[in-house]
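This structure is a prediction, so every number in the text was calculated from the model and none was measured. Numbers here are sequence positions counted from 1.
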Amino acid sequence: MIMIRSIVRPEKADDVLAALMEAGFPAVTRLSVVGRGKQRGIKIGEITYDKIPKEMLIAVVKDGAKEFVIKTIMDAARTGEKGAFGDGKIFITPVDESYTISSGIKETETGEPEEVAI
């Protein structure tokens, strides 16, 4: 399994969530965050805005779905055909196992569910 963390423009977050839902990936965590990218913020006159609002979307998917989910996010989050500075970033990290709290089910990299004694 892998965790896909995408940082996107706030106005694109709903588009990304809808695209993931339509693609069969409804399980996503959404967080409001602030930050800056390579452009170091936005300078307007004498003022530099370096805490730019963004949305972080987090999803855990099976390894085989990685490329499809990344493409789905990119297509929905990109501004226009070529994109623009500030469209966001996607980070991929491995997930060794996950636990469903309500059922006590553990899921490992192999995808085999295993009941855990609570």
Side-chain angles (χ1 to χ4, degrees):
M1 296 180 293
I2 58 160
M3 180 179 293
I4 300 175
R5 282 177 272 203
S6 53
I7 312 289
V8 301
R9 295 176 183 268
E11 65 271 17
K12 291 291 194 170
D14 287 336
D15 294 342
V16 174
L17 290 170
L20 289 171
M21 177 74 85
E22 187 176 310
F25 297 93
V28 180
T29 299
R30 179 180 184 168
L31 301 155
S32 293
V33 297
V34 295
R36 63 180 181 264
K38 293 177 190 172
Q39 74 273 19
R40 300 184 183 135
I42 299 170
K43 187 169 183 167
I44 300 174
E46 294 296 313
I47 300 172
T48 299
Y49 299 94
D50 64 348
K51 293 182 181 111
I52 300 168
K54 299 288 183 178
E55 295 286 322
M56 180 186 293
L57 305 174
I58 304 170
V60 175
V61 301
K62 295 187 188 284
D63 291 351
K66 179 175 99 172
E67 298 301 325
F68 179 75
V69 172
I70 291 170
K71 181 175 179 355
T72 301
I73 293 168
M74 284 187 159
D75 289 347
R78 184 173 285 138
T79 302
E81 286 263 333
K82 296 182 180 182
F85 284 116
D87 277 350
K89 198 87 166 177
I90 297 174
F91 302 95
I92 309 298
T93 53
V95 173
D96 295 330
E97 54 192 43
S98 67
Y99 296 82
T100 301
I101 294 172
S102 60
S103 65
I105 300 291
K106 169 183 160 182
E107 189 175 330
T108 62
E109 289 178 359
T110 62
E112 295 298 317
E114 173 185 320
E115 193 164 341
V116 178
I118 298 176

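Leu20 and Ile7 end up in different hydrophobic clusters when Ile, Leu, Val, Met, Phe, Trp and Tyr side chains are linked at under 4.5 Å. Cluster annotation: Phe68 and Ile92 are assigned to the same hydrophobic cluster (Ile/Leu/Val/Met/Phe/Trp/Tyr, side-chain heavy-atom contacts under 4.5 Å, transitive). Residue Ile47 is grouped with residue Ile52 when hydrophobic side chains (ILVMFWY) are merged at heavy-atom distances under 4.5 angstrom, including chains of intermediate members. In the hydrophobic clustering of ILVMFWY residues, with side-chain heavy atoms under 4.5 Å counting as a link, Val61 and Val28 come out together. A continuous path of ILVMFWY side-chain contacts below 4.5 Å connects Phe91 to Val33, so both sit in one hydrophobic cluster.
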Check step by step if side chain to side chain contact (heavy atoms under 4.5 Å, CB included) holds for Lys54 and Lys89.
CA-CA 11 Å; Lys54 299 288 183 178; Lys89 198 87 166 177; over 6 Å; no
Could you walk me through whether Lys12 and Thr79 pass the side chain to side chain contact (heavy atoms under 4.5 Å, CB included) test, one step at a time?
CA-CA 9 Å; Lys12 291 291 194 170; Thr79 302; 4.1 Å; yes
Given the rule in the side chain to side chain contact (heavy atoms under 4.5 Å, CB included) test, do Val69 and Ile2 qualify, once you have shown the distances and angles that lead to the verdict?
CA-CA 11 Å; Val69 172; Ile2 58 160; over 6 Å; no
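Annotation for Glu22: atom CD does not count as buried by contact number, only 12 or fewer foreign heavy atoms lying within 6.0 Å. Other residues, nucleotides and ligands contribute over 12 non-hydrogen atoms within 6.0 Å of the CE atom of Met1.
You'll find the side chain of Glu55 reaches within 4.5 Å of the side chain of Ser32, heavy atoms only.
The backbone N or O of Thr72 sits nowhere less than 3.5 Å from a side-chain atom of Asp75 that would complete a donor-acceptor pair.
With respect to the salt-bridge test (charged N to carboxylate O, under 4.0 angstrom), the residues Arg30 and Asp14 qualify.
Just one of Ile4, Val16, Leu31, Ile90 meets the side-chain contact (heavy atoms from CB on, under 4.5 Å) condition when paired with Leu57; it is Val16.
Nearest heavy atom pair, residue Arg5 against residue Ile58, reads CG-CG1, 3.7 Å. In terms of heavy-atom proximity, Ala59 sits nearest to Ala27 at CB-O, 3.8 Å.
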